[in-house]
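Each chain gets a letter, A, B and so on, in the order the sequences are listed, and its residues count up from 1.
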There are 2 protein chains.
Amino acid sequence: MLDAVDWRILTELQADGRLSYNELSRRVALSPPAVAERVRRLEERGVITGYHAHVDLDAVGLSVVALVQMGCYGPLCLLRDEAALARPEILRLYRVTGDACCVLLVGVPSMAHFEQLIDDLADHGRPSSTMVLSSPIPWRAVSRPQAER
Amino acid sequence: MLDAVDWRILTELQADGRLSYNELSRRVALSPPAVAERVRRLEERGVITGYHAHVDLDAVGLSVVALVQMGCYGPLCLLRDEAALARPEILRLYRVTGDACCVLLVGVPSMAHFEQLIDDLADHGRPSSTMVLSSPIPWRAVSRPQAER
DNA sequence: AATGAAAACAGAATGTT
DNA sequence: AACATTCTGTTTTCATT
């Protein structure tokens, strides 16, 4: 699947998504065209799904962050409502096992906005919220699993 | 705080973190040096916290993904153990209100690895796991809140 | 996968509103 | 103070080996 060079590339690009192919080629000891071709294939194969600038939620005024478990099923289920899923307050959404149908990470500017959001979500099923106090690990790079070494 | 141009820049760089300043300057109708300076200041102010390649978990063999709530407190609390927090299986960690101390998103190659991880986490408090079936919204860009417009 | 040439780009200095 | 223009050195891309 992925060889050692691919993993080194993934590690570097996860740490700094704006690395130039030139610099990347130095770090993985390959020529620039070779590394560019590797990256292109990682993208094509769906290993790299995109490059994203990460934005601090507090810094842009999204001071209320929460995990919301949705207890919904059947035709009203949140997952069947395209418009509801498109709401920008939803930052991530995971479908899960257990009592809940899915878990949402949401970010809003205020508790008043949060109340409104919960009311809207309640059209699809019972929302159960947990407030996020802080994010000690907001994001961490994926590293090579032991099993593959 | 952030004006309309800043938000256009944030939108573009969240969608494609590898955009050149040249291309970005075209999209936001500004000169390349002006846009580069804007980006530099967004980074300096902590609005943009980094640029990361996003990797598909399935594609790199992390087929078991779960949300783990940790019920822990006091000196054994997971949040006080640097070494435990450094485990690469932990992809995100949120400190939350409610019964749980924190919620972890973890990714491992197999159920056997997951069992081992849960056993290790149990040293700090009672872990309660929910398996992630799929991620309909694995990541979404932050957009300008209504309140600021 | 490496090399070399042409096009595109980044960064610094300077000038403009 | 924020932006545009210009210039120089890199970087990217594509052809070729």
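- As a whole-Å value, the separation of B:Asp6 CG from D:dA1 P is 17 Å.
- Among the heavy atoms of the strands lying under 4.0 Å from B:Arg41 are primed sugar atoms or P, OP1, OP2 only; no base atom is included.
- Contact annotation for A:Pro33: base contact, defined as any heavy-atom pair under 4.0 Å involving a base atom.
- For the pair B:Arg18 and A:Tyr21, the cation-pi criterion (under 6.0 Å, within 45° of the ring axis) is fulfilled.
- Distance, A:Glu37 CD to C:dT3 C1': 16 Å, rounded to whole Å.
- Residue B:Arg18 contributes atom CZ, which lies 14 Å from atom C1' of D:dT13 at whole-angstrom precision.
- With a 4.5 Å cut-off on side-chain heavy atoms, A:Glu23 and A:Arg26 count as touching.
- Here the P atom of nucleotide C:dA8 and the CG atom of B:Leu19 are 17 Å apart, to the nearest Å.
- Ion pairing between A:Arg40 and A:Glu43 fails under the 4.0 Å rule for side-chain N and carboxylate O.
- Ranking C:dA2, D:dT12, D:dC3 by closeness to the A:Ala34 side chain, first place goes to C:dA2.
- A:Arg38 comes within 4.0 angstrom of the backbone, heavy atoms only, and of no base.
- The B:Ser31 side chain lies nearest to D:dC3 when the options are C:dC9, C:dG11, D:dC3.
- Between B:Glu12 and B:Arg8 there is no salt bridge, since none of the side-chain N atoms of the basic residue sits less than 4.0 Å from a carboxylate O of the acidic one.
- To the nearest angstrom, P of C:dT17 lies 17 Å from CG of B:Leu30.
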Run the side chain to side chain contact (heavy atoms under 4.5 Å, CB included) check on B:Asp6 and B:Val47 step by step: do they pass? CA-CA 10 Å; B:Asp6 288 326; B:Val47 177; over 6 Å; no
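- Here the side chain of A:Asn22 is nearest to one of C:dA10, D:dT11, D:dT13, namely D:dT11.
- Regarding B:Arg40, its CZ atom lies at a distance of 15 Å from the C1' atom of D:dC3, rounded to whole Å.
- At whole-Å resolution of the value, CD in A:Glu23 and C1' in D:dT12 are 15 Å apart.
- Nucleic acid contact for B:Arg26: sugar-phosphate only, since backbone atoms but no base atoms lie under 4.0 Å from a heavy atom of the residue.
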